[in-house]
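This report refers to the structure that appears directly beneath it.
None of these values were measured; they are calculated from a predicted model. Below, all heavy atoms of this structure are taken into account, side chains as well, without hydrogens, waters or symmetry copies.
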Amino acid sequence: LGNVLIFGGTGFFGKSLVNYLNSEMNFYSDAIYLTAREPKKYQSIFPFDAFENVNIIDFDLDGSQVNPVLESLKFDYIIHAAAASTDVSSLSSLDRYRQIATGTEKILKYVKDFQPLAKVLYVSSGGVYGEMPEKAISFSENMNTIPAFDDKNNTYSISKRMAEHL
């Protein structure tokens with residue numbers, strides 16, 4: 001497949017994806033690069049450097065600059081799974097929105113400017129559909145529901161939905 005870049009590679013989804021891709025490395029990828037706000041912190045918790053061909057790059061979704069290392073590498077596939085989804089109590093709704101929607105815009109600009117040939121996958125959330133009807137046991141992506149905009153607890157879901165439209 002070539003080189004894979006995972007924005008949010010140290011998060012819940014990203015760690016699982018890195019484990020899977022690394023277990024199938026010879027078949028799937030030449031190298032996996034993942035981003036982290038604090039690479040040293042994550043390396044002590046989850047030793048990515050123990051994996052062959054897995055590299056961590058410092059990147060802050062909230063920051064204004066893209067790490068020059070990202071500008072110098074070429075990727076065949078880019079997976080965007082970055083957004084803090086756990087310890088967010090210190091973020092205002094506006095900060096949360098900026099992190100998700102504006103962060104996605106930043107990643108898309110990076111792709112446009114430096115990785116125009118890469119294939120991109122955006123990892124969203126089931127929360128973009130809002131509250132499901134009470135008796136629903138499944139739903140389709142065509143379901144015409146949205147998160148309630150008047151509930152500040154839905155900032156994550158609303159922001160993810162907005163980012164889907166970028």
Side-chain angles (χ1 to χ4, degrees), residues 1-91 95-129 140-141 155-166:
L1 284 179
N3 290 331
V4 177
L5 172 62
I6 304 171
F7 286 99
T10 58
F12 176 76
F13 180 85
K15 283 190 287 195
S16 296
L17 184 60
V18 169
N19 277 328
Y20 176 76
L21 290 175
N22 189 63
S23 70
E24 303 293 334
M25 181 62 78
N26 293 330
F27 180 74
Y28 284 107
S29 170
D30 295 334
I32 299 170
Y33 294 82
L34 52 105
T35 65
R37 282 183 299 267
E38 301 173 70
K40 288 185 172 121
K41 173 185 169 188
Y42 287 104
Q43 285 175 322
S44 66
I45 297 168
F46 193 85
F48 290 108
D49 56 347
F51 293 151
E52 187 177 334
N53 295 329
V54 175
N55 309 280
I56 300 179
I57 299 172
D58 185 16
F59 177 81
D60 184 359
L61 194 60
D62 297 327
S64 60
Q65 299 295 325
V66 171
N67 186 323
V69 172
L70 287 174
E71 296 174 0
S72 66
L73 296 168
K74 290 295 174 208
F75 300 101
D76 301 286
Y77 298 91
I78 297 173
I79 300 168
H80 171 20
S85 58
T86 52
D87 185 23
V88 295
S89 59
S90 64
L91 294 177
D95 289 339
R96 188 93 163 108
Y97 168 80
R98 284 184 180 137
Q99 180 193 64
I100 295 169
T102 307
T104 298
E105 183 179 12
K106 177 181 176 180
I107 289 171
L108 292 174
K109 182 177 178 352
Y110 159 75
V111 171
K112 179 182 163 239
D113 293 348
F114 298 100
Q115 307 293 335
L117 301 177
K119 292 181 176 37
V120 178
L121 172 67
Y122 173 64
V123 178
S124 190
S125 166
V128 300
Y129 300 107
S140 77
E141 290 187 9
T155 301
Y156 177 83
S157 300
I158 293 166
S159 300
K160 282 290 210 175
R161 187 175 181 105
M162 296 289 287
E164 286 182 359
H165 293 276
L166 294 177

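- More than 12 non-hydrogen atoms from other residues, nucleotides or ligands lie less than 6.0 angstrom from NZ of K74.
- Using a 4.5 Å heavy-atom cutoff, the side chains of L73 and Y33 are in contact.
- In this structure the side chain of T35 reaches within 4.5 angstrom of the side chain of L5, judged on heavy atoms.
- Heavy atoms only, all atoms of each residue included: A101 and S159 are closest at CB-O, 4.3 Å.
- Nearest heavy-atom pair, S125 versus K160, reported as atom, atom and distance to 0.1 Å: CB-CG, 4.2 Å.
- One finds the CG atom of L108 at 12.5 Å from the NZ atom of K106 (value rounded to the nearest 0.5 Å).
- Here Y122 contributes atom OH and E164 contributes atom CD; the two are 6.0 Å apart, rounded to the nearest 0.5 Å.
- Atom CD1 of I79 is separated from atom CD1 of I6 by 5.0 Å, given to the nearest 0.5 angstrom.
- For T102 (side chain) and Q99 (main-chain N/O), no donor-acceptor pair under 3.5 Å exists by modelled atom type.
- Atoms CD1 and CZ, from I78 and F7 in turn, are 6.0 Å apart once rounded to the nearest 0.5 Å.
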Side chain to side chain contact (heavy atoms under 4.5 Å, CB included) assessment of I158 paired with M162
CA-CA 6 Å; I158 293 166; M162 296 289 287; 4.3 Å; yes
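- L166 contributes atom CG, which lies 12.0 Å from atom CD1 of I100 (distance to the nearest 0.5 angstrom).
- When every heavy atom of S157 is checked against every heavy atom of G127, the shortest pair comes out as CB-O, 3.2 Å.
- Within the model, atoms OG of S124 and CZ of R161 stand 9.0 Å from one another, a figure rounded to the nearest 0.5 Å.
- In this structure, F75 and A118 approach most closely via the heavy-atom pair O-CB, 3.4 Å.
- In this structure the side chain of V54 reaches within 4.5 angstrom of the side chain of V18, judged on heavy atoms.
- Side-chain contact check for L34 versus T10: some heavy-atom pair is nearer than 4.5 Å.
- The side-chain heavy atoms of F59 and L70, taken from C-beta on, include a pair separated by under 4.5 Å.
- Between H80 and V123 there is no side-chain heavy-atom pair separated by less than 4.5 Å.
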Could you go through the side chain to side chain contact (heavy atoms under 4.5 Å, CB included) check for V4 and D76 one step at a time?
CA-CA 6 Å; V4 177; D76 301 286; over 6 Å; no
